[in-house]
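Beneath this line is the structure, given in structure tokens, with notes to follow.
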Amino acid sequence: MAIRLGDTAPDFTAETTEGTISFHQWLGDSWGILFSHPKDYTPVCTTELGQAAKLKPEFEARNCKIIGLSVDPLKDHVGWSKDIEETQGVALNFPLIADPERKVANLYDMIHPNADDTFTVRSVFIIGPDKKVKLTFTYPAATGRNFVEIMRVLDALQLTAAHQVATPVNWKQGEDVIIVPTLSDEEARAKFPDGFKTIKPYLRITKQPATIPIEA
Ligand code: BEZ
């Protein structure tokens with residue numbers, strides 16, 4: 001069944017390049033990003049894993065763990081890791097789930113049979129510290145994802161969670177944000193002492209209220 005925003009991220013136990021993990025326990029109190037790859041030893045996936053490894057310190061600074069998945073066995077992951085290090089200039093530094101029986105892939109609806117009935121599509125799940133799914137998106141096998149964009153939406157999600165603000169179109173960190181409509185003007189004045197600009201009663205703009213990464 002499809003996983004929707006607000007659902008509890010399904011728990012599982014799986015073999016990974018960093019040992020067997022129990023997903024919820026591994027997440028602990030962190031945010032988490034689970035992303036699937038169609039297959040080992042494929043070019044787009046190789047570049048994505050290299051980019052994710054380079055950005056890992058940035059994700060860590062945001063209290064966010066990252067974990068990949070591919071439906072090939074662990075021994076292939078281990079061999080492929082060497083190629084990733086050689087070609088991308090960075091070693092795999094986060095767990096990659098080996099899912100040859102497609103248990104996790106099926107649990108997370110990562111196989112879209114009308115696209116390909118064997119391999120996963122490129123799914124992304126951002127999971128909050130409450131284990132609820134905060135964001136999902138799906139790319140086809142031939143299109144690499146933009147991990148800087150994944151970081152941008154993580155920043156937006158964390159700002160919303162901490163400060164009752166929403167982020168406008170094309171928002172980037174440091175730019176003004178929108179006060180959520182559920183907050184009254186009086187509440188907004190108390191919450192945002194530097195004030196806000198009312199363009200319409202439902203469109204109120206204020207300065208980004210915290211630097212990113214946001215202090216836990
Ligand atoms: C790739 O990762 O390069 C890839 C995987 C499956 C289909 C097309 C491309």
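Values below: all heavy atoms of this structure, side chains included; hydrogens, waters and symmetry mates excluded. Indexing begins at 1, ligand by ligand and atom by atom, following the structure's order. Along the sequence shown, the residues carry numbers beginning at 1.
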Counting both backbone and side chain atoms, is some N or O of Cys45 under 3.5 Å from an N or O of ligand 1?
-> yes
Min N/O separation Pro38 to ligand 1 under 3.5 Å | no
If you scan protein heavy atoms around atom 3 (O) of ligand 1, the nearest is Val44 N, 2.6 Å
Identify the closest protein heavy atom to atom 7 (C) of ligand 1: which residue and atom is it, and at what distance?
-> Ala141 CB, 3.5 Å
With Trp80 as reference, evaluate Asp40, Thr42, Thr46, Asp72 under the side chain to side chain donor-acceptor pair (under 3.5 Å) test and give the passing residue.
-> Thr46
In ligand 1, which numbered atoms sit nearer than 4.0 Å to a non-hydrogen atom of Arg122?
-> 1 (C), 2 (O), 4 (C), 5 (C)
Here the atoms of ligand 1 under 4.0 Å from any heavy atom belonging to Thr42 are 1 (C), 2 (O), 3 (O), 4 (C), 5 (C)
So with a 6.0 Å cut-off around NZ of Lys103, is the heavy-atom count from everything else above 12?
-> no
Contact check, side chains of Ile66 and Lys56, non-hydrogen atoms, under 4.5 Å | yes
Would Lys131 and Asp11 pass as an ion pair if we require N to O under 4.0 Å?
-> no
Determine, for Glu186 against Arg189, whether the closest basic-nitrogen to carboxylate-oxygen distance falls under 4.0 angstrom.
-> no
